[in-house]
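Reviewing the structure listed below.
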Amino acid sequence: MTTAMVLAFGVGVSFAPPALDAPALFDAWVPVSITEDRPEEHIVRTKEFPNLHDAESPYEPSGQHLLVDIKGIDADFLDSEERLAKAMVDAVKAGGLSMLSYHCHKLVPMGVSCVGVLLESHISFHTWPVEGVITLDLFTCGPTPLLSVVPEVERLFAIGENTKTSWSHELRGFHLNATKSPEKRHLLEQSDLVFWVLSPLDIYKKEIVSTRTRFQKVDIWETTYPEDTISHDDAVEHNLQPGDPRWLTGELVAPDKMLFLDGTLQSLNSTERVYHEALVHPAMFAHPNPKHIGLIGGGEGATLREILKHNTVESATMIELDEELVSICREHLPEFSNCKNLKGRAENCFDDELVSVVYQDSKEWFIERFGPSPAKTGNKFDVLIIDALDPEDGETVSEELYGDGEFLTSLISSLTEDGIMIIQVGTAPTIYDPRADMGVYASREKMFNFFEDHEQVEAMLVYEEDGCGFLEPHSFLVVCKSAKCRGEWLRESDLIEYAIFNRTIETVDGERLMVQFDGATMQSYNAPPKAWETVYCRREPQPFECAYRALDSNSEFHDYVFDDEKKGTKETEGSFEVIYDDETDEKPIGVEVLKDIPKGSYIMPHQMTSSFIINEGSLNNLRDLTEDIPDVKVITDLVNFIDTHGHGSVSDGIGRTYVELGVSILIEKSDDEDKINLGRWFPGFGKRPVYSPVYDRQFLSLDLFLVATQDIKKGQRLYRPNNLWDFEK
């Protein structure tokens, strides 16, 4: 505060101008007599005011708070008490509010401060004419949001050629009934719309659409943050050259478009391709030949765009509740449904000949066709993509969708025999989350449990993508009717790259079809992050496999050590030696123990982890080769070796064979329980669970390690059961 401002406030109103003509400013208001001790104060009152307690919304200890900062304003306007007072009064009237009184104070040498008392609360501002700045504060206790006042404040106060406005809207106090009101729920502090757009004061924001359809509140905003820097696309568009100072500013940064439904962030145009690629392509490439695709939701059109990149697709059926949303997105977010760069597709994805859009409640649509008593017929889907609401606890609509067993069963029944369903399931968990059925995502856990227990579901997989543009990684659930999808899911990156090359269409401009998804990205989805395993193992009772998430550091490790491995080390000998046939002394016949080994010790972990892995496709190729070219002995010998020393996985459908290569292949086999002293580290009782992040993360350890099943004395030989690697499928 300047010295002049202090002096001005110190002497009260001595610098104030003569009283303004109140009746000229307020058509329906009358001036109150001006007292002698306050000759320059302007007090106006309406003849009659309504009772706030009689408002339509229940009276609550709450309010709306609007903060507006504008710079670049003409200095003359900011130094005119009369013009500013009129702008304040007009802004109050434009907002449908009621002025009780106001007082403006001219400062020395420049600047004006005003405060107005409203029936609903107050309005105030201060100006800095030299700097061209005004800061304005409007607070009301009424139920009506103040967002509509923002453009009026800009119109009345942003007087100048290059003004820039920043503003913030907050709900204040305690909105006890707001969660019951769809008109106000999107403005609550936990709303994404508030967090990303309405609350921050220092961002540029522009409302593109704010409307309510028959089913939901739709908001589209443009935003730019102060810390935003030039993107590759910005640089290309403006032909930025090396050394241009604008590389380091936000001057040329293109605004981000953000879509909100009922206050929840759905997509950002800067990152939506990453999100929609992560939603669509993992499931599409986990299926051997996806022809008929179903889609629930996806009103922006971007999910359709990604589906239509696959040349295997013969039909894409989209079931969307809100036709108005589709129209809004086609008009204001056209890039989302833009398919003109895809060879052979329509310019707009919604118009493609393969696409059928059905505007109906998806729950009704699926139950009518695939429920217990179908009234209509429908073709089944190879892949079903659900791009609807998060199964978040507390959301009534989500509970109706994801908590209805009949609906969920109809989704599964709509799939072909090897069909796959993918569902975006919201924010990923963290290792600090509570038990899943007791936390925020209890509804998600309930849905997971339903699919786990469903007789038609054989496999479930989860993965995350942290590049979707949300504050935290987003998660996805894959539900498979055939366990074979696990093998497709775990394919090497080169196989995924070939599938992308072979199964997708070309682009018109020759650019890559995807911005994020490729073989390496798919491989990063193979195993769920640690948090899924951690939260899963907080279930009660704890799943059996959770005890095998890591090797037991209290157990001993005993390995075979080759002579050249002993050189230069402190270890003089391993725990085992190979024994040979007494007659020839050349043929190895078993493995003998050189020291006492306690029960539970790990046996030859180094040898076991040296096994090589061959996938089902490669092994079948070798078998076919031996039939086509039977004289190639080396291949025949390799196949025989794999058959003799290879074993499958505890995870059915994984399509992998582990082939032991070390000394472990010399361990003798037996059916004599008195002789057998080795077993699998992971017992693997029965068939593996349909869903288990432990199996999905630890399957290599579960499939390979051996332990002593009893105390083994020095001089004894190792024996393992003939059916050591037989798993119930």
Side-chain angles (χ1 to χ4, degrees), residues 280-291 310-313 382-383 415-420 422 458-461 463 478-504 514 517-527 608-661 687-688 690 695-704 725-727 729:
V280 173
H281 301 306
M284 294 292 284
F285 286 110
H287 192 284
N289 187 26
K291 295 181 180 180
H310 291 256
N311 60 25
T312 60
V313 173
D382 297 310
V383 174
L415 299 174
T416 55
E417 289 305 308
D418 55 356
I420 295 173
I422 189 164
E458 292 192 359
M460 292 168 58
L461 305 155
Y463 64 100
V478 178
V479 180
C480 305
K481 289 187 75 172
S482 169
K484 289 183 178 180
C485 79
R486 289 197 185 106
E488 298 290 326
W489 189 260
L490 294 174
R491 284 186 298 170
E492 297 295 331
S493 61
D494 58 333
L495 294 177
I496 298 297
E497 286 291 345
Y498 178 71
I500 293 173
F501 167 78
N502 193 44
R503 286 172 40 176
T504 57
M514 290 97 162
F517 184 85
D518 59 12
T521 301
M522 181 66 185
Q523 204 161 32
S524 73
Y525 298 154
N526 282 178
M608 295 304 296
T609 54
S610 298
S611 303
F612 83 85
I613 303 171
I614 184 168
N615 64 47
E616 187 176 30
S618 298
L619 184 54
N620 289 337
N621 287 342
L622 287 176
R623 295 190 194 282
D624 293 341
L625 196 57
T626 59
E627 294 178 3
D628 295 341
I629 315 175
D631 295 335
V632 184
K633 186 174 183 302
V634 64
I635 297 178
T636 302
D637 290 345
L638 175 59
V639 172
N640 291 335
F641 185 88
I642 293 172
D643 290 339
T644 303
H645 300 293
H647 67 269
S649 171
V650 67
S651 293
D652 52 321
I654 203 171
R656 293 186 175 190
T657 297
Y658 303 91
V659 185
E660 296 175 41
L661 296 176
K687 186 176 181 179
R688 71 149 284 180
V690 168
Y695 276 82
D696 295 333
R697 286 176 53 83
Q698 312 295 343
F699 66 87
L700 287 172
S701 298
L702 305 184
D703 288 341
L704 287 173
W725 301 111
D726 290 350
F727 301 106
K729 302 300 182 185

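In this chain, residues are counted from 1 in sequence order.
- Asp696 has its side chain out of reach of Tyr463: every pair of non-hydrogen atoms, C-beta onward, lies at least 4.5 Å apart.
- Between the NZ atom in Lys687 and the CG atom in Asp652 there is a gap of 5.5 Å [rounded to 0.5 Å].
- Judged by distance alone, the side chain of Thr626 and the main-chain N or O of Thr636 form no donor-acceptor pair under 3.5 Å.
- Arg688 and Ser651 share a side-chain donor-acceptor pair at under 3.5 Å.
- The distance from atom CD1 of Ile635 to atom CG of Asn640, rounded to the nearest 0.5 Å, is 12.0 Å.
- Under the ring pair (Phe, Tyr, Trp, His ring centres under 6.0 Å) criterion, Phe612 pairs with no residue at all, not counting sequence neighbours.
- Taken from CD1 in Ile654 to CD1 in Ile613, the straight-line distance is 8.5 Å, to the nearest 0.5 Å.
- Side-chain atoms of Asp518 and Thr521 form a donor-acceptor pair, as typed in the model, at a separation below 3.5 Å.
- Side-chain contact between Met522 and Pro282 is present, with heavy atoms from C-beta onward closer than 4.5 Å.
- Side chains of Leu638 and Leu622 form a contact here, defined as non-hydrogen atoms less than 4.5 Å apart.
- Between Arg491 and Ile496, the shortest heavy-atom distance links the atoms NH2-CD1, 3.6 Å.
- The distance from the CD1 atom of Ile642 to the CG atom of Leu619 is 5.5 Å, given to the nearest 0.5 Å.
- The 12-atom threshold is not exceeded at CD of Glu616, counting heavy atoms of other residues, nucleotides or ligands nearer than 6.0 Å.
- In this structure, NE2 in His647 is found 6.5 Å from OG in Ser611, a value given to the nearest 0.5 Å.
- Between Glu660 and Trp725, some side-chain heavy-atom pair lies under the 4.5 Å cut-off.
- Side chains of Tyr525 and Leu461 form no contact here, defined as non-hydrogen atoms less than 4.5 Å apart.
- Residues that satisfy the side chain to side chain donor-acceptor pair (under 3.5 Å) test with His287, not counting sequence neighbours, are Asp418.
- In this structure, the separation between NE2 on His310 and CG on Asn289 is 12.0 Å, given to the nearest 0.5 Å.
- Residue pairs that meet the salt bridge (charged side-chain N to carboxylate O under 4.0 Å, His left out) test with at least one member in residues 632-648, sequence neighbours left out, are Arg623-Asp643, Lys633-Asp637.
- Between Arg503 and Pro288, the closest heavy-atom pair is NH1-O, 3.3 Å.
- Shown here for Ala459 and Cys485, the closest heavy-atom pair between the two residues is CB-SG, 4.0 Å.
- Phe517 meets the ring pair (Phe, Tyr, Trp, His ring centres under 6.0 Å) test with His281, Phe285; sequence neighbours excluded.
- Val313 places a side-chain heavy atom less than 4.5 Å from the side chain of Met284.
- Under the 3.5 Å distance criterion, the side-chain polar atoms of Asp382 are matched with a main-chain donor or acceptor of Lys291.
- For Arg656, there are no side chain to side chain donor-acceptor pair (under 3.5 Å) partners two or more places apart in sequence or in a different chain.
- Other residues, nucleotides and ligands contribute over 12 non-hydrogen atoms within 6.0 Å of the NZ atom of Lys481.
- Looking at residues two or more places apart in sequence or on another chain, you find no salt bridge (Lys or Arg N to Asp or Glu O under 4.0 Å) involving Glu458.
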